[in-house]
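For reference, the structure discussed in these notes is given below.
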There are 2 protein chains.
Amino acid sequence: MATMKDVARLASVSIATVSATLSGASFVSPALKERVLAAIDELGYAPNAIASGLKSGKSSLIGLVVPDITNPFFTELVHAVQRKAAAAGFTVLLGVSDDHAGAEADLIRLMRSHQASGTIISPGSSEEDCGKLIEIAGKMPLVMLDNAPPSARADTVVIDNRKAAQLATDHILSFGHRRVATVSGPSHRFVSRERLYGFEASLENHGIEPLPDYVRRGDFHVAEACKAGLELINLPDRPTAIFVANNQMLIGVMQAVAQAGLSVPRDISIAAIDDFPWAPAFSPALTTVRQPIDAMADAALSCLMSRLNGNSEPAQRILLQPELVVRRSCGPPP
Amino acid sequence: MATMKDVARLASVSIATVSATLSGASFVSPALKERVLAAIDELGYAPNAIASGLKSGKSSLIGLVVPDITNPFFTELVHAVQRKAAAAGFTVLLGVSDDHAGAEADLIRLMRSHQASGTIISPGSSEEDCGKLIEIAGKMPLVMLDNAPPSARADTVVIDNRKAAQLATDHILSFGHRRVATVSGPSHRFVSRERLYGFEASLENHGIEPLPDYVRRGDFHVAEACKAGLELINLPDRPTAIFVANNQMLIGVMQAVAQAGLSVPRDISIAAIDDFPWAPAFSPALTTVRQPIDAMADAALSCLMSRLNGNSEPAQRILLQPELVVRRSCGPPP
DNA sequence: AACGTTTAGCTAAACGTTTCGTCAATGGAA
DNA sequence: TTCCATTGACGAAACGTTTAGCTAAACGTT
């Protein structure tokens, strides 16, 4: 690999001049600039970001840690962050914790070790562990996204999960349903709890007593949700509608519905949190609550950039609003 | 940030001893080792991967470039590569070309600039551009995945795309269909051409003349495919089955089918290349051809590791076999 | 006792940049 | 002419590691 030294030698200038030419900052005469550029071209020189990073103490890398990249919500989040980061001249260092406890701490350490300018993380961790993560990050700016507890002393971007659940449940209830069930997320996650509160609040507002049998815990993944869906369907007092707390569990519930040979929304109405590309391809197209993923990525990156520019105000919590996308998977009870 | 120097001072040893302790290679007496470890702990020291990379010339980073991360095939590929890379002690530097022409070259340059130990790329580029990519990579090992032309002089991991298309088409034909259409991919892509050949070969083997009207070009994305699907459905001589060349276009075609109010497989049979988590959640569950994503990631990483270990044999081409997953979206013609 | 050998640890030189301070040359003001 | 600013380029010192080469002590062998 050619280095600046080689370029300098070929162009008969000093290393400093090559550096100046590349960074464009300092004055370099047009004649020299041309010689340098020609030499760079001839040698196929590419700057060594590692050396540059070592010297300057910055790295044009930003860490991104998500619990499950196969979940379309996170896929789109990664996509959005990647695109916006690239536009700002940063490259994404991807970490996937796969819901594994210690993995998040390790990944933060990794990002730090690679001198990432900052890290955006969507923690799967419990409330207390989030505090540890912030500690591990040290002086590397950390932005928490999605499942961030309010107690976290780091910049935070979340949606109003309670409202998201209410939006979906209100929509279901507007058709006159009284027997409404939910497949909820793992209780140690902040977002799960919020979504469950929202569901229950909506029922209460409509004067409906929530039945314990109608509240099933999933784990935000397919298999458990499918089981939960089947159980609900086989209840003697089968619910006429189900609110599902995320997209992966919606797959599971839809599988259960398909297996049971039920028709949506004739036999049962379905609504879920998380919109995704396949939702309109179903028959009937699925009604969901969309999270403003692009805006979330924007906000997270803005926080990060502002910290990089020396902003040292106390951590802020940015709250974004979800949006109901009405399609055709909800209708009147049978 | 604490450095080795700080640790060394606190533990009253030399920097070299700290380094030796960390790398575990050389002999360090238990007493010193303990002192060093204690100092590390006290200072919250984390090794600077950048400095280490600069000195050692290696970086524990591997590049991964995909054209479209929201496509579940690539999502799962990223997931698999990420997992296996992490297990081998590497971190993934993610690049997304978004099907943009020059982006791939830029991303390869970026990976090189970050001293990635190697890069795995699934090129969207044309055949000739792939040659350029290899050139840009220089001495950084490059492995091409999925859409790699046979002419590429780099290690290559592909599936038998012709066979994949034949598997799906043969399955359709086994129900007695004679009017079979396809929504195919962009013609500049090697995989599109192969899949189209496979489709046509299958028809020929069954003595069916392929109708030009029944062959539609998509672009591997949703919108175009939806349009193509609608056109096919509205043909005076509507096909009784459609073979779709990838998963994103399957979304589009399913949307078209839903819009037209057709029932699958009663009115029309559907089969596609690329399995994905949602396929079994449809009613009816969708029949697809599964690519061995895990094996592909394995093979790509193995190639890379072998190159890192100094293997300088000529580039090899690894061919993996796809697998038909029969569900319920194909049936006899109406 | 003199000599190698082994062990444990240290010193110092890289790695490829950025950047600060220096310096020569030029030119305008006194 | 002398002096000082300005401009354009350079030299050299970092940045935080790794590692080759070295020293010194401890030990076993003759």
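All values derive from a computational prediction rather than experimental measurement. Letters A, B, ... are given to chains in the order of the sequence lines, protein chains preceding strands, and every chain is numbered from 1.
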Stems involving DNA chain D: give each as a range paired with a range, ordered by first number, where a stem means at least three consecutive Watson-Crick or G-U wobble pairs under 3.5 Å.
C:1-30 with D:1-30

Contacts of type side-chain hydrogen bond (donor to acceptor under 3.5 Å, both in side chains), residue B:T70, not counting sequence neighbours:
B:D68

Holding to side-chain hydrogen bond (donor to acceptor under 3.5 Å, both in side chains), I want the full list of residues that pass it with A:R153, two or more places apart in sequence or in another chain.
none

Pairs involving residues 292-312 of chain A, ordered by first then second residue, that meet salt bridge (Lys or Arg N to Asp or Glu O under 4.0 Å) (sequence neighbours left out)
A:R83-A:D294, A:K84-A:D294, A:K84-A:D298, A:D155-A:R307

DNA chain D contacts made by residues 28-43 of chain B, counting heavy atoms under 4.0 Å:
none

Partners of A:E42 by salt bridge (Lys or Arg N to Asp or Glu O under 4.0 Å), sequence neighbours excluded?
none

Restricting to salt bridge (Lys or Arg N to Asp or Glu O under 4.0 Å), what partner residues turn up for A:E34, sequence neighbours left out?
none

List in chain and number order the residues that pass side chain to side chain contact (heavy atoms under 4.5 Å, CB included) with [X], two or more places apart in sequence or in another chain; answer none if no residue qualifies.
X: B:A16; value: B:S14
X: A:R317; value: A:P150, A:T156, A:V158, A:F190
X: B:A46; value: A:R112

Quick one, A:H79 with B:D98, criterion side-chain hydrogen bond (donor to acceptor under 3.5 Å, both in side chains). Give me CA distance, side-chain angles, the key distance, then yes/no.
CA-CA 10 Å; A:H79 188 221; B:D98 266 330; 3.2 Å; yes

Should we count NE2 of A:H188 as having more than 12 external heavy atoms under 6.0 Å?
yes

Write down the protein N/O and nucleotide N/O pairs, taken from nucleotides 24-27 of chain C, whose separation is under 3.5 Å; answer none if there are no such pairs.
none

The contact string for nucleotides 19-24 of chain D, one letter per nucleotide 5' to 3', using protein heavy atoms under 4.0 Å with B, S and - for base, sugar-phosphate only and none, comes out as B-----

